[in-house]
J.: 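Below is a structure I'd like to ask you about.
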Amino acid sequence: MTSANGGQARSAPLVGRDGEPTIFELSSPGRRAASFRSTAMPEWSAEELVPAEYLQDEPVAVAEISERDLVGHFTRLTHRQYSVDLGAYPLGSCTMKYNPKLCDDAVALTGLTDVHPAAPVALIQGWLELLVNLEEVLCRITGMHAATLQPPAGAAGELTGLLLMRAWHERHGEGARRRRVIIPDSAHGTNPASVTLGGYEVTQVPSDARGCVDVPALRERLDGDVAGIMLTNPNTLGLFEEDITEIAAAVHEVGGLLYYDGANLNAILGITRPGDMGFDIVHMNLHKTFAVPHGGGGPGAGPVAVSERLAPFLPGPRPAHDANGGYGWETPAESIGRVHSWHGNALALARAYAYIVANGSDGLHRVAEAAVLNANWLRHRLRGAYDIPYDRPSMHEFVASTAGLRKRSGLRASDVAKRLLEEGFHAPTVYFPLIVEEALMIEPTETESPQTMEALAEALITIAGESGDEARQAPRTTPVRRVDEASAARRLIPTWDASPSAGS
Amino acid sequence: MTSANGGQARSAPLVGRDGEPTIFELSSPGRRAASFRSTAMPEWSAEELVPAEYLQDEPVAVAEISERDLVGHFTRLTHRQYSVDLGAYPLGSCTMKYNPKLCDDAVALTGLTDVHPAAPVALIQGWLELLVNLEEVLCRITGMHAATLQPPAGAAGELTGLLLMRAWHERHGEGARRRRVIIPDSAHGTNPASVTLGGYEVTQVPSDARGCVDVPALRERLDGDVAGIMLTNPNTLGLFEEDITEIAAAVHEVGGLLYYDGANLNAILGITRPGDMGFDIVHMNLHKTFAVPHGGGGPGAGPVAVSERLAPFLPGPRPAHDANGGYGWETPAESIGRVHSWHGNALALARAYAYIVANGSDGLHRVAEAAVLNANWLRHRLRGAYDIPYDRPSMHEFVASTAGLRKRSGLRASDVAKRLLEEGFHAPTVYFPLIVEEALMIEPTETESPQTMEALAEALITIAGESGDEARQAPRTTPVRRVDEASAARRLIPTWDASPSAGS
Amino acid sequence: MSDFVPHTESEVAAMLAFMGLSSVDELFAAVPGALRLAGGLDIESGLSEPDVLSRFGEMAAANRATGSDLVCFAGAGAYDHDIPAVVRRLAFRSEFVTAYTPYQAEVAQGVLQALFEYQTLVCRLSGLDVANASLYDGASACVEAINLAVAATGNAVVWVSQGVHPHWREVIRTFAAGTGHDIREVPLGPDGGTAWPSEGEAGCVLIQHPNYLGCIEDLVAASAVARRAGALLTVAADPVAAGILRPPATYGADVVVGEGQPFGTPLSFGGPFLGTFACRLEHVRRLPGRLVGETVDVDGRRAYVTTLRTREQDIRREKASSNVCTNQTLIAVAYAVHLAWVGTAGLRELALRCARGTRYARESVLAIDGVETMTSAPVVREFAVRLPVPTADVVDRMAEQGFLAGVPLGEEYGANGLLVAVTEKRTRDEVDAFAAALEKAVG
Amino acid sequence: MSDFVPHTESEVAAMLAFMGLSSVDELFAAVPGALRLAGGLDIESGLSEPDVLSRFGEMAAANRATGSDLVCFAGAGAYDHDIPAVVRRLAFRSEFVTAYTPYQAEVAQGVLQALFEYQTLVCRLSGLDVANASLYDGASACVEAINLAVAATGNAVVWVSQGVHPHWREVIRTFAAGTGHDIREVPLGPDGGTAWPSEGEAGCVLIQHPNYLGCIEDLVAASAVARRAGALLTVAADPVAAGILRPPATYGADVVVGEGQPFGTPLSFGGPFLGTFACRLEHVRRLPGRLVGETVDVDGRRAYVTTLRTREQDIRREKASSNVCTNQTLIAVAYAVHLAWVGTAGLRELALRCARGTRYARESVLAIDGVETMTSAPVVREFAVRLPVPTADVVDRMAEQGFLAGVPLGEEYGANGLLVAVTEKRTRDEVDAFAAALEKAVG
Ligand SMILES: Cc1ncc(COP(=O)(O)O)c(C=O)c1O
Ligand SMILES: Cc1ncc(COP(=O)(O)O)c(C=O)c1O
């Protein structure tokens with residue numbers, strides 16, 4: 001195979017519409033970028049260092065590419081990628097707010113990045129202080145007693161929380177008896193998946209006509225075998241569960257615990273707190289509410305905060321104040337054990353702390369108000385153009401639907417999504433929550449201006465008014481047009497080396 | 001005026017083809033991004049600090065934009081900009097090679113960036129060492145005796161060199177008599193402009209049929225009123241001046257000095273040296289040969305190296321070894337004085353030093369060989385498709401022409417330039433040097449691979465083979481199509497606030 | 001305070017007016033008064049950018065970072081390798097950093113292709129067919145591997161070598177409380193390699209290679225054990241050692257996981273790190289997390305998209321192969337950039353350089369009176385020694401001398417054990433100085 | 001060694017073969033043997049990336065950078081302002097960094113629009129009509145302004161205030177050797193402002209505002225002087241002071257130049273800095289350097305392009321308005337990002353904060369026994385004091401105390417003068433500590 005060239009920019013939308021070769025296609029035998037530090041070490045051969053039977057017969061093919069082509073390649077790839085820094089990203093349930101650049105600088109300090117996780121406490125006082133402070137502000141924000149910062153993402157936080165629930169019940173001799181965890185039909189997919197991994201059965205509770213938990217239906221499902229309930233509040237329709245206090249009482253009555261999916265806290269910052277609502281366990285997605293950038297899918301951080309009675313079960317070791325004014329590690333008496341190789345996604349945690357310190361109580365309150373203001377304004381603005389299944393004051397997001405439009409012009413939620421890309425906006429979340437057909441879950445976030453809200457509204461209204469053909473053709477302006485997801489699954493090509501195989 | 005929105009990405013070629021609003025259009029009254037350090041200073045009012053007559057009546061309108069929109073705006077602008085990191089940039093005489101990222105890191109150290117230029121020598125030993133070392137390696141590379149690092153760009157280096165020439169002649173009582181500086185008709189435009197600013201008259205010497213200085217014609221122009229000659233070698237046709245030794249002798253004979261325009265040293269690194277050719281003064285563009293990135297037009301660095309006899313005239317103060325093993329400042333006996341506010345473009349100088357240290361003697365030699373190899377290979381490859389006015393072994397670049405194609409298909413050099421953009425390559429330099437009609441001055445540089453060379457050749461050959469209509473339409477794939485330069489000059493709009501006025 | 005909310009007062013008023021409201025508070029009517037937080041959050045008010053940065057500067061200064069005044073010989077799953085400048089400059093470009101999971105493939109080809117290349121690299125290093133788009137870290141990759149193996153074999157018994165990182169084993173136990181898997185630890189033998197039980201059945205055999213003590217494991221034996229036990233062989237392999245060692249798949253490994261930190265990620269106080277996960281194609285429907293596949297767009301252009309999504313929780317809900325949603329994509333991109341920069345010949349050279357430094361350091365350290373080896377199996381980047389005095393004290397004393405001496409071994413490995421790592425970054429002078437200082441510290 | 005040349009040996013051979021050559025050397029046949037460098041360059045051979053970085057680390061460590069252990073009170077044309085994170089993240093994106101001068105406008109709208117916005121900002125701060133796309137630094141901007149003024153008036157006499165930065169005046173004299181301009185320096189009066197001659201004619205009057213000693217100049221007087229002398233009034237104005245002072249154009253300035261470093265550029269040991277240049281529209285044909293203008297493309301879309309290029313050297317050659325080709329574009333973009341971030345209200349606040357700190361520091365310093373003021377005119381970011389002891393020694397002693405005390409004034413301003421700058425970065429505590437240390441240092 002003669003190799004592709006790495007100096008032609010036609011895959012950059014700036015000048016062309018070609019595809020970008022892979023680093024493997026850009027490789028040429030014998031080419032290299034790497035250079036290594038001079039160490040003056042003895043130059044023993046592989047054979048002198050490792051018994052022959054363990055040695056590879058031939059080097060692993062990685063890539064053979066010049067630094068110039070490597071830079072060209074990945075730079076062009078970034079030109080083929082949408083991001084918050086390019087434009088609005090109203091992806092419901094994802095809180096794609098602007099990530100302040102000051103947080104990048106705050107965590108770029110070598111005093112944070114070049115610290116070994118197993119270094120003795122005397123050498124990591126700064127890190128311990130940071131983590132202790134972060135735990136404290138997160139508890140104050142959620143109204144909880146203590147927290148673990150180890151979970152690296154929301155789902156990991158959920159599972160951690162469920163294992164805390166399990167530890168609690170086992171501690172009280174009810175481990176075997178408590179088999180079920182209740183989840184609303186509007187719950188995020190990670191909730192049921194985590195419940196299963198937590199060793200529980202999922203019991204689904206329907207939503208009522210107002211889009212909230214159907215309390216009578218919930219009562220029917222409450223029983224001595226219920227370990228607890230997982231709720232999202234505001235729920236995934238963006239609605240506040242007004243009966244939360246009643247729900248909490250009912251669940252506690254049967255000895256169950258309340259788990260709060262706090263992936264999206266944006267709407268309640270400084271307004272209300274899960275702890276005050278009666279929740280026992282709360283996980284947070286610092287990569288949503290607290291502006292840790294999503295990185296194209298991660299890393300995030302999913303700390304779990306708990307009420308006082310659950311604190312003894314938290315994962316350890318935990319950063320803590322020590323006797324003589326410094327900091328150290330502490331493992332709770334009945335800890336469920338580690339949930340991360342080290343101390344969680346430390347640099348992501350530090351980013352979130354920088355964001356919280358920069359905003360402070362006043363700033364976070366402003367965040368909640370503007371997030372809710374944008375969402376509600378847009379909901380009003382879209383009335384008439386789209387169905388709004390639950391058309392009442394929402395929190396940080398709301399759900400629209402193309403169900404009606406689909407009947408009229410055949411316009412599907414996915415068509416709106418693709419067409420919106422042409423208008424210079426990322427698409428909302430589509431087909432979620434599952435209880436709304438043709439759902440468009442829209443979360444503008446607080447960092448988009450009223451002018452951007454107006455432009456987004458106009459784009460969405462224009463699309464709704466179109467015949468539907470444009471949308472079905474869309475996107476027409478992007479580097480690739482609609483991709484064939486079906487064939488990707490049918491003829492699975494998971495690596496550049498793979499020959500297509502029957503994926504499904 | 002209601003303000004534009006900053007969250008719509010349609011100006012990013014990734015999704016759209018709109019224009020990008022200016023930061024002024026994105027401004028909304030009262031909006032801001034800035035926050036300032038808390039200092040606990042007394043909060044005196046402007047009136048308490050400055051007499052009223054000096055105070056402005058109203059704040060200067062700058063911009064009123066959120067950090068999010070500021071980030072969106074400039075990020076989108078970068079998606080509307082071609083660069084070396086996106087693709088090849090065969091811009092003749094500009095040496096658009098890959099700029100190693102390690103140099104970015106080397107000069108990002110706060111120990112270099114956060115140093116005040118007027119700090120006492122005891123606090124700047126590292127900087128002085130760096131500059132002394134850089135001066136030395138540059139002298140070794142050019143074969144000269146001493147250098148000034150102050151000139152911030154090539155043109156500034158030229159003028160500095162001409163003032164050195166003037167100082168030399170004045171020192172020898174010939175200041176009034178030496179009125180002329182000889183320049184080949186192929187010289188870069190900055191040469192004659194600098195000569196004028198140096199207080200000299202330009203005498204042009206023609207090139208001969210082989211593209212080199214016409215030596216007999218030169219001799220005719222040599223006389224006692226000649227202060228010196230400015231040569232570029234390899235010259236702007238990419239050809240080596242084979243008669244350089246003879247030329248040097250002739251100029252020196254009449255008491256003139258030889259100035260070497262070393263903007264592009266790429267071809268001679270480790271091959272030959274201006275000092276050995278008999279030059280007295282050499283300027284270098286570190287932002288070409290030594291990989292200081294061009295920054296969209298600057299900053300660069302244009303050090304000037306001289307032979308021993310001219311050293312006493314160099315600008316001062318100069319970084320130098322001091323008596324006790326450290327470093328200090330030193331001003332030459334008959335210095336022409338400063339040519340920069342401080343010590344030159346220090347961080348650009350440091351970048352170049354990092355590049356030189358990384359490559360070393362072996363690496364720089366490889367650079368020259370590969371640069372010359374790419375240029376000659378491409379010249380061979382384009383034979384037949386384009387005229388090659390001086391079709392003999394060239395150095396780092398060569399000049400092709402569409403003169404013949406223009407007659408056949410009307411294809412102009414500028415058409416090729418625009419059409420090449422569609423193919424994912426930046427255009428060559430066009431219409432320079434002036435002695436070649438419809439010139440395409442092509443400098444591939446050494447960092448582009450053979451595969452990229454092949455793709456560039458194919459693109460150029462394809463274009464030559466087209467009817468010419470595509471080229472006249474081109475570019476069709478870029479964010480904007482051919483811009484109206486004539487009306488830009490006719491109806492001058494130099495700022496966003498300006499109402500069009502007759503520029504010319 | 002820093003303010004990232006663009007809305008001016010008049011704009012807020014106009015938006016409210018459009019909704020027929022007079023105050024933002026009305027938007028929160030749904031929140032019962034009793035639940036409203038009186039007096040706002042009980043945290044500091046906001047700080048300006050420079051104030052935040054100086055506060056972080058103080059915290060950073062309260063740590064002792066590795067570097068010329070704290071030369072790092074600590075590893076144990078977090079290694080001090082050189083990271084080329086291209087990694088920051090490319091992987092951390094804002095398009096990668098501020099994108100979400102690639103739900104809209106048409107505007108996410110950048111992330112998707114980078115992940116596709118990452119998956120290919122992970123497969124090449126392991127020798128297996130398919131890799132996912134990343135997991136949280138080495139520990140979570142082990143947990144997911146166990147879940148896959150148990151589901152595939154229907155046997156919940158899991159044999160975990162004591163050579164697997166103690167933290168990873170702890171995480172495995174933590175999550176087993178939910179899945180109910182029967183985790184059985186298998187001790188190491190005197191040579192430092194795993195001493196497998198001669199009989200019994202299992203669903204999963206998990207081994208680390210090289211293991212926690214730095215020893216190359218006998219994968220021929222491990223593979224035979226797994227086959228005999230009816231288990232899937234899961235190897236937690238080091239990506240740097242892959243530069244000289246035979247790929248685990250050549251021994252019959254069914255799943256290969258790993259900690260990807262050595263490529264592209266600094267020590268970072270332990271995170272974000274990178275869980276790499278590869279398996280045989282036959283297990284692809286049980287693959288945890290995201291998978292990117294190649295496909296075409298409607299015009300037939302090559303394109304990339306996340307695929308086999310029906311495994312995932314947002315569709316499969318409680319029957320999903322895993323609950324992983326957000327992963328470590330950005331760290332995976334950094335891994336791909338770094339590894340591609342290192343390249344084919346470079347990877348071999350890198351592994352060799354680590355092995356050379358490790359041997360040189362090991363010989364220097366074992367020459368010290370009272371310092372004894374703990375293992376006899378070959379090592380490539382790390383080795384374990386037993387000190388004559390308590391390890392923690394030695395580490396403290398060494399820190400005063402400017403060395404992060406290594407990671408103290410837990411009691412399960414006996415008293416006074418120290419784990420010493422030597423990467424390509426360590427020079428001969430540094431190792432000589434280290435050995436000299438250690439001699440004093442244990443004397 | 002680091003190697004950025006992609007060509008493998010076999011590729012080189014193939015390329016040579018295509019040309020009918022057998023060695024690369026043959027390509028250099030045109031270089032006379034006598035001129036061929038025997039034995040290659042007499043410099044070190046190449047180093048790997050980490051080796052280069054550690055060498056630079058050593059040199060950096062041999063400097064004492066400003067910061068918490070060297071609090072900066074030095075200015076004199078290089079100021080220690082806070083630079084927001086957005087500047088690095090945006091202005092230094094590789095598309096801006098690795099682009100050439102925008103010769104092909106269709107693929108250079110990014111740089112062109114950024115420069116257009118920069119030009120607009122420079123005009124707004126000066127109050128003038130047109131600004132170029134940047135010059136090298138404050139000094140070169142002064143030189144170009146003089147060249148323009150002399151050409152416009154036909155009078156080569158240039159009055160330069162002694163309040164103009166001494167280095168800039170030296171550069172002006174250096175280049176006047178070529179142009180033959182008659183540079184005449186005008187002394188400062190006792191208050192610290194320029195004392196203009198009461199008669200005579202000139203082509204250019206150059207004044208710095210606030211001047212080198214930090215004093216606000218009387219531009220009403222300067223403007224009258226210039227009019228009377230038939231000269232163009234050229235003001236070198238500070239962009240931060242523009243936050244509270246009247247724009248120079250309101251006093252009748254014809255050309256306004258400046259050092260743009262305070263916005264977007266760290267101290268950088270003095271470069272790259274930024275020469276800002278603005279003038280009245282009537283002088284646009286004499287404008288030095290590049291100018292970006294708004295226009296349209298063939299489809300009528302708004303676009304930007306460099307314009308009035310016939311002024312420039314590549315077209316006009318020896319008759320060009322200037323020889324400037326490469327300028328400081330990237331620094332200009334950083335200036336635009338920083339200034340836009342500061343914003344309208346922020347610029348005023350920034351200037352106020354500098355003025356407050358300056359007054360507070362000046363009062364604290366003048367309270368010290370033996371320290372005397374040198375000026376009475378109002379100051380906004382910098383002030384000059386006369387010390388009872390030699391300044392250089394004081395600066396050295398203060399460095400030991402953790403302060404960069406300021407910049408010693410040259411003899412032309414009398415003995416023992418010290419120039420002290422106070423930006424918005426300096427806290428009250430720092431100033432108090434500074435004053436306390438200074439009291440010791442002079443006592
Ligand atoms: C409501 C909700 N819960 C849980 C999650 C899972 O969080 P993560 O993706 O960090 O695992 C998300 C985000 O995807 C979410 O939106
Ligand atoms: C041959 C030659 N001489 C002089 C110059 C002027 O250098 P600068 O643009 O740095 O002023 C250049 C570059 O533009 C050039 O190519």
Side-chain angles (χ1 to χ4, degrees), chain A residues 32 34 39-41 49 63 74 77-78 80-85 102 106 109 111 114-115 117-118 123 125-126 152-153 155 189 192-194 196 198-199 202 240 270 272 295-300 337-338 341-342 345-346 358 360-361 363 370 377 449-450 478 480-481 483 488 493-496, chain C residues 2 5-6 11 15 30 35 41 45-46 49 56 59-60 62-65 90 93-95 98-101 105-107 109-111 120 130 136-137 139 170 174 178 266 269-272 293-295 297 303 307 313-314 317-318 320 323 326-330 340 343 346 355-356 407 427-428:
Chain A
R32 66 181 284 170
T39 62
M41 283 289 173
L49 293 160
F74 281 100
L77 286 185
T78 61
R80 297 166 67 80
Q81 179 62 49
Y82 193 89
S83 64
V84 170
D85 280 11
L102 79 90
L109 300 163
D114 295 358
V115 177
L123 310 187
Q125 288 296 301
S194 299
T196 305
V202 173
F240 192 85
T272 179
R338 292 181 178 274
S341 294
W342 295 104
N345 281 343
S361 52
W377 181 89
S449 69
T478 48
V480 297
R481 297 194 42 212
V483 302
I493 309 178
T495 71
W496 187 74
Chain C
S2 305
V5 173
E11 287 170 342
M15 291 175 83
L35 298 182
L41 289 171
S45 51
E49 172 170 327
F56 269 66
M59 290 187 294
N63 293 319
R64 264 187 72 191
L90 297 176
R93 279 178 60 86
S94 65
E95 294 87 347
T98 70
Y100 199 76
T101 301
E106 296 79 6
V107 291
Q109 289 298 298
V111 166
T120 302
V130 50
Y136 307 133
D137 58 8
E170 185 177 344
T174 301
F269 199 54
E294 179 185 318
T295 182
D297 74 355
T307 189
Q313 30 67 31
D314 55 332
R317 320 255 325 156
E318 59 263 38
N323 69 332
T326 289
N327 54 28
Q328 307 279 114
T329 295
L330 190 63
R356 289 168 179 159
V407 177
T427 66
R428 187 176 193 146

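Just so you know, these numbers use all the heavy atoms, side chains as well, and skip hydrogens, waters and symmetry mates. Every chain is numbered from 1, with letters handed out A, B, ... down the list of sequences.
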J.: Does any heavy atom of chain A fall under 4.5 Å from the side chain of C:Arg317, the backbone, both, or neither of them?
T.: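 Interface part for C:Arg317: both.
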J.: Counting only heavy atoms closer than 4.5 Å, note whether A:Val480 contacts chain C via side chain, backbone, both or neither.
T.: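 A:Val480 touches chain C through backbone and side-chain heavy atoms alike.
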J.: Below 4.5 Å, heavy-atom pairs only: which of C:Ala60, C:Ala99, C:Gly46, C:Ala62 has the largest tally toward chain A?
T.: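 That would be C:Ala99.
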J.: Any idea which of A:Ala193, A:Gly297, A:Gly111 has the most non-hydrogen atom pairs under 4.5 angstrom with chain C?
T.: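 Greatest number of close heavy-atom pairs with chain C: A:Gly297.
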J.: Taking the side chain as every heavy atom from C-beta outward, state whether C:Asp137 and A:Pro152 have any atom pair closer than 4.5 Å.
T.: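 Of all side-chain heavy-atom pairs linking A:Pro152 with C:Asp137, none is under 4.5 Å.
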J.: Quick check for you: among A:Gly337, A:Pro299, A:Gly199, which has the greatest number of heavy-atom pairs under 4.5 Å with chain C?
T.: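 Of the candidates given, the most pairs with chain C belong to A:Pro299.
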J.: Among C:Pro266, C:Gly270, C:Ala355, which has the most heavy-atom pairs under 4.5 Å with chain A?
T.: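 Greatest number of close heavy-atom pairs with chain A: C:Gly270.
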J.: Measure from the side-chain N and O atoms of C:Glu294 to the backbone N and O of A:Ile493, and report whether any donor-acceptor pair falls under 3.5 Å.
T.: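 No; zero donor-acceptor contacts below 3.5 Å.
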J.: Decide yes or no for C:Gln109 and A:Thr478: does some side-chain heavy atom of the first lie under 4.5 Å from some side-chain heavy atom of the second?
T.: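 Counting from C-beta outward, C:Gln109 and A:Thr478 never come under 4.5 Å.
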J.: Would you check if the side chain of A:Asp114 reaches a backbone N or O of C:Ala65 as a donor-acceptor pair within less than 3.5 Å?
T.: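 Looks like no, no N/O pair under 3.5 Å.
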J.: With a 4.5 Å limit on heavy-atom distance, are the side chains of A:Asp85 and C:Glu95 in contact?
T.: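 Answer no - side chains too far apart.
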J.: Looking at CG of A:Leu77 and CZ of C:Arg93, how far apart are the two atoms once the value is rounded to the nearest 0.5 Å?
T.: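 Interatomic distance, A:Leu77 CG to C:Arg93 CZ, rounded to 0.5 Å: 10.5 Å.
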J.: Between C:Leu330, C:Thr120, C:Thr427, which shows the greatest number of heavy-atom pairs under 4.5 Å with chain A?
T.: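 Option with the greatest count: C:Thr120.
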J.: When only pairs under 4.5 Å are counted, which of C:Gly293, C:Gly346, C:Ala105, C:Ser45 shares the most heavy-atom pairs with chain A?
T.: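 Highest number of pairs under 4.5 Å: C:Ser45.
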J.: Where does C:Thr307 contact chain A at under 4.5 Å (heavy atoms): side chain, backbone, both or neither?
T.: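 The side chain, not the backbone.
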J.: Highest number of heavy-atom pairs under 4.5 Å with chain C: which of A:Leu49, A:Leu109, A:Thr196, A:Val202?
T.: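 Greatest number of close heavy-atom pairs with chain C: A:Leu49.
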J.: With a 4.5 Å cut-off on heavy-atom pairs, point out which of A:Ala358, A:Ala40, A:Gly189, A:Ala63 contacts chain C the most.
T.: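 It is A:Ala358.
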J.: Chain A: which of C:Thr326, C:Thr295, C:Asp297 shares the most heavy-atom pairs with it under 4.5 Å?
T.: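 Option with the greatest count: C:Asp297.
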J.: Does any backbone or side-chain atom of C:Val407 lie under 4.5 Å from a heavy atom of chain A? Answer side chain, backbone, both or neither.
T.: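 Contact with chain A: side chain only.
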J.: Go through the atoms of A:Ala118 and report whether side chain, backbone, both or neither lie under 4.5 Å from a heavy atom of chain C.
T.: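 It is the side chain, since no backbone atom gets that close.
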J.: Looking only at heavy atoms and a cut-off of under 4.5 Å, which of A:Pro450, A:Ala153, A:Ser194, A:Gly198 has the most pairs with chain C?
T.: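 Most heavy-atom pairs under 4.5 Å with chain C: A:Pro450.
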J.: With a 4.5 angstrom heavy-atom cut-off, is it the side chain or the backbone of A:Arg481 that approaches chain C, or both, or neither?
T.: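 Both parts, heavy atoms under 4.5 Å.
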J.: Where do A:Ser449 and C:Pro6 come nearest, in terms of heavy atoms and distance?
T.: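 Smallest interatomic distance, heavy atoms only, reads CA-CG, 3.6 Å.
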J.: Check for a donor-acceptor pair, side chain of A:Ser341 on one end and backbone N or O of C:Ala139 on the other, with a separation under 3.5 Å.
T.: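 Side chain of A:Ser341 to backbone of C:Ala139: a pair is present.
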J.: Tell me, side chain or backbone of C:Ala30 under 4.5 Å from chain A's heavy atoms, or both, or neither?
T.: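 Both backbone and side chain of C:Ala30 come within 4.5 Å of chain A.
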